[in-house]
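Structure first, then comments.
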Amino acid sequence: RANARKLAGIPVVQVFLFAFAMAFCSKSLYMKTKLCPGSLPFGKDTFYRFINSCHTNWRKFTTLLCASIIAKTIAPLTSEERMNVLIIDDSTFPRARSKKVELLARIYDHAHHLYTYGFRMMTLCWSDGNTVLPINHCLLSSTNQRNRLFEAHATVDARSNGAKQRTLAQMKGTRVVLELLKQAKEAGIPAKHVLFDSWFCTPSAMLDLKELGYFVIGMIKKSKTLQFRVNGKMQDVKTIYRTHPKRRGRAAWKLSVAGVAVKEGREVPVRLVYVANRNNPRDYLVLVTTDMSLREDEVIRNYGKRWGIEVFFKVCKSYLKLSKECRALSYDALTAHVSIVFTRYMMLAVQERECVDDRSLGELFFMSIDELADITLRTSLTLILLEVVREIDHSEQADSEMLADLVKKFIKSISNLLQGDTTVHDSGRLS
C-alpha cells in the first residue's frame with residue numbers, strides 16, 4: 001500500500017528488516033560488508049537503491065502502521081472514556097557538516113540557541129496518555145531560497161511521490177501541519193484533540209483545525225499581537241489577566257475566562273486557563289482550548305500528555321540513531337531513514353505496553369481479577385481491620401478501651417469515605 005516493491009531479486013521485506021535491525025547491533029552496513037561479506041544475502045547497492053527510491057511513500061507507511069497498531073493492540077487496552085490526542089511538534093534534524101544534501105537549509109536550533117545546517121523535523125504523534133506512537137513526519141527545509149544551501153534534484157519525476165515530498169518540504173510549517181492532520185484523519189486515527197506548543201497556537205490555526213473537525217489544546221504566547229474577544233472587547237492575554245479577579249490560595253489554576261478567537265471574519269469560542277508556573281511562583285502560563293465542554297483541570301491534565309513527544313525525540317536521537325546513522329545525500333533516503341527509526345520506536349512502544357499493562361495477557365488477566373470484581377476498596381479495608389482487631393484482641397496486653405482508641409485514630413486518619421460508613425463500638429469491634 002506504500003508502493004514499496006522490487007521487480008526481481010531480494011524481497012523488500014528482507015531489506016527492510018535488515019535496516020530495522022541495524023540500530024540494535026554494533027555494526028553498520030559498511031562494517032557488515034567489510035568484516036562479514038558473506039553474512040548478507042544482498043549487496044550494498046541493493047540497500048542503497050531501496051532507500052533512495054522516490055516511488056516508495058514512506059510517510060504513508062508509518063501512518064498505516066500506526067493506525068494498525070492502535071486498532072489491533074492499543075485500543076483493546078484503552079478505556080473508551082480516555083481522551084486520545086494528537087501531538088504536533090518539531091525538532092532539529094542536524095546535518096552540520098554537509099553541503100550537498102538535497103534541500104539542506106540554514107535553520108535555527110531552539111535547544112542550543114544558534115543557527116545550524118539541517119532540517120526541521122515536523123512530527124505528528126498519537127497518544128492515549130500511556131503510549132506515544134509516531135504517525136507522520138516531514139523534513140522541512142526553508143521557504144526562503146537564500147537559506148537553502150542545495151536545491152532539489154531536477155531529474156526527479158514530477159509525478160512521483162518523491163517530487164511531492166520535496167514540494168511539501170518547501171512549504172510553511174503551518175501548511176505542513178494541516179497536511180499531516182488531513183492524512184491522519186483519512187487513515188482513521190482515533191483522536192479529536194490536537195496538542196500544540198506556543199509556536200503554532202494562534203487564532204488562525206484554531207479556526208483551521210475547527211474546519212478539519214479537531215479541537216485544540218495549546219499554550220498561548222503572552223504577546224500583544226495575540227488577542228481574543230472577551231466581554232465584547234479585543235484584548236491580549238495579559239490585559240485579560242490584569243482585569244479579571246483571580247482565585248486565591250494555591251489553586252491549580254488562577255483564572256478561567258471564556259472568549260472568542262477571531263480571524264478574518266471567522267470565529268471560534270475558546271476558554272483561556274491561567275495556570276501557575278511551578279518554576280516561577282510570580283509567573284503564569286496561559287492554556288487555551290476550543291472544546292468548551294472540558295473543565296479547567298481536564299484542560300491542564302490533557303495538555304500534560306504533550307510531554308510524550310519530547311520523550312519520543314530524546315529516545316530517537318539518543319538510542320535509535322536518528323541523527324547519526326544515515327549520511328545519505330538524497331532527500332528520499334533521509335525520509336526513508338526517519339520512517340525506519342519511527343518504526344523501531346513503534347515496535348518498542350508496543351513491547352513496553354505489553355510488558356507493563358497486565359490487560360495484554362488477555363483471558364488470563366480477567367481470570368486473575370474475577371474473584372476481586374465484587375469487592376470494593378471500603379470492604380477490603382474493613383476486612384483487614386477486622387483481622388487486625390481479632391489478632392490484637394487475643395493479646396494479653398491490649399484491653400478494649402485501648403483497642404477502641406487505636407481504631408478511632410486510624411479511622412480519623414483515613415479518607416472521609418470510610419468515616420461515613422464505619423463505626424466503632426466500645427468493645428473495639430468494627431461494624
Side-chain angles (χ1 to χ4, degrees), residues 85-90 105 107-108 110 120 122-125 135-138 140-147 164 167-186 189 191-244 255-275 284-294 296 299 302-303 306:
V85 297
L86 298 176
I87 312 171
I88 283 284
D89 202 358
D90 64 337
I107 61 173
Y108 183 74
H110 293 275
R120 287 175 57 204
M122 189 71 66
T123 307
L124 173 66
C125 289
I135 302 174
N136 208 342
H137 80 281
C138 182
L140 290 180
S141 182
S142 175
T143 57
N144 189 352
Q145 186 177 2
R146 293 180 298 178
N147 291 332
K164 297 177 182 178
T167 303
L168 186 67
Q170 301 175 59
M171 294 182 179
K172 290 185 177 181
T174 52
R175 292 185 58 185
V176 174
V177 167
L178 295 178
E179 185 65 26
L180 297 182
L181 290 172
K182 288 179 182 178
Q183 295 175 6
K185 195 175 186 66
E186 293 174 357
I189 303 295
K192 296 182 179 179
H193 295 76
V194 183
L195 307 184
F196 292 116
D197 202 356
S198 57
W199 67 269
F200 187 77
C201 202
T202 61
S204 178
M206 298 177 196
L207 290 163
D208 292 337
L209 265 65
K210 177 187 176 183
E211 296 177 357
L212 284 179
Y214 288 110
F215 295 109
V216 171
I217 302 178
M219 183 178 294
I220 286 288
K221 292 181 180 179
K222 290 180 284 188
S223 172
K224 293 183 179 180
T225 59
L226 293 177
Q227 296 186 349
F228 300 90
R229 191 172 66 205
V230 178
N231 298 330
K233 297 181 180 180
M234 297 298 296
Q235 306 175 51
D236 60 86
V237 293
K238 288 186 177 181
T239 304
I240 297 173
Y241 183 78
R242 188 171 58 251
T243 57
H244 285 76
L255 176 64
S256 177
V257 179
V260 179
V262 182
K263 186 68 175 181
E264 298 177 353
R266 299 182 298 167
E267 298 182 356
V268 58
V270 298
R271 182 183 303 279
L272 300 173
V273 181
Y274 292 78
V275 185
Y284 58 88
L285 306 175
V286 187
L287 302 182
V288 62
T289 180
T290 56
D291 189 356
M292 304 301 289
S293 63
L294 293 179
E296 289 79 3
V299 174
N302 287 295
Y303 182 75
R306 199 200 68 83

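In what follows, every heavy atom counts, from backbone to side chain, and hydrogens, waters and symmetry copies are set aside. The chain is numbered in sequence order, starting from 1.
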| task | Under the side chain to side chain donor-acceptor pair (under 3.5 Å) rule, what do Thr225 and Ser223 come out as? Steps first, then yes or no, please. | result | CA-CA 5 Å; Thr225 59; Ser223 172; 2.9 Å; yes
Quick one, [X] and [Y] - any side-chain contact, counting heavy atoms below 4.5 Å?
| X | Y | value |
| --- | --- | --- |
| Pro203 | Leu226 | yes |
| Val299 | Glu296 | no |
| Val85 | Ile87 | yes |
| Val288 | Phe196 | no |
| His244 | Ile240 | yes |
| Lys263 | Met206 | no |
| Lys182 | Val177 | no |
| Ile135 | Ile189 | yes |

Does a salt bridge link [X] with [Y], judged by any charged N lying under 4.0 Å from a carboxylate O?
| X | Y | value |
| --- | --- | --- |
| Asp208 | Arg175 | no |
| Lys224 | Asp236 | no |
| Arg306 | Asp89 | yes |

| Step by step, would you call Asn302 with His193 a side chain to side chain donor-acceptor pair (under 3.5 Å)? | CA-CA 9 Å; Asn302 287 295; His193 295 76; over 6 Å; no
| said: Run Ile217 and Leu287 through side-chain contact (heavy atoms from CB on, under 4.5 Å) and show every step you take. | reply: CA-CA 7 Å; Ile217 302 178; Leu287 302 182; 5.8 Å; no
Just how far is it from atom [atom1] of [X] to atom [atom2] of [Y], taken to the nearest 0.5 Å?
| X | Y | atom1 | atom2 | answer |
| --- | --- | --- | --- | --- |
| Ile88 | Asp197 | CD1 | CG | 12.0 Å |
| His137 | Leu180 | NE2 | CG | 9.5 Å |
| Leu209 | Leu86 | CG | CG | 9.0 Å |
| Leu272 | Tyr241 | CG | OH | 13.5 Å |
| Thr143 | Lys172 | OG1 | NZ | 6.5 Å |
| Glu179 | Met171 | CD | CE | 7.5 Å |

| message | Determine whether Leu140 and Val176 satisfy the following criterion, side-chain contact (heavy atoms from CB on, under 4.5 Å), listing intermediate values before the conclusion. | response | CA-CA 9 Å; Leu140 290 180; Val176 174; 3.5 Å; yes
| field | Donor-acceptor pair, side chain of Thr239 and main chain of Gln235, under 3.5 angstrom | value | no
| Is Thr289 reaching over with its side chain to a backbone N or O of Val216, donor-acceptor style, under 3.5 angstrom? | yes
What's the shortest heavy-atom distance between [X] and [Y], and which atoms?
| X | Y | result |
| --- | --- | --- |
| Cys201 | Gly218 | SG-CA, 3.8 Å |
| Met234 | Arg229 | SD-CB, 3.5 Å |
| Tyr274 | Val237 | OH-O, 2.7 Å |

| Distance-only side-chain donor-acceptor flag, Asp291 / Ser293, under 3.5 Å | yes
| task | Could you check Ser142 against Asn144 for side chain to side chain donor-acceptor pair (under 3.5 Å), going step by step and ending with a plain yes or no? | result | CA-CA 5 Å; Ser142 175; Asn144 189 352; 5.7 Å; no
| Should we say atom NZ of Lys164 is surrounded by more than 12 heavy atoms from elsewhere, each under 6.0 Å from it? |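 Not buried by this count: 12 neighbours or fewer within 6.0 Å.
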| query | Can you tell me if CD on Glu211 sees more than 12 non-hydrogen neighbours from other groups inside 6.0 Å? | reply | yes
| Stacked cation flag Lys222 on Tyr284, 6.0 angstrom / 45 deg | yes
| said: Ring of Tyr214, cation from Lys185 - is the NZ or CZ under 6.0 Å from the centre and inside 45° of the axis? | reply: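 Output yes; distance and angle both within limits.
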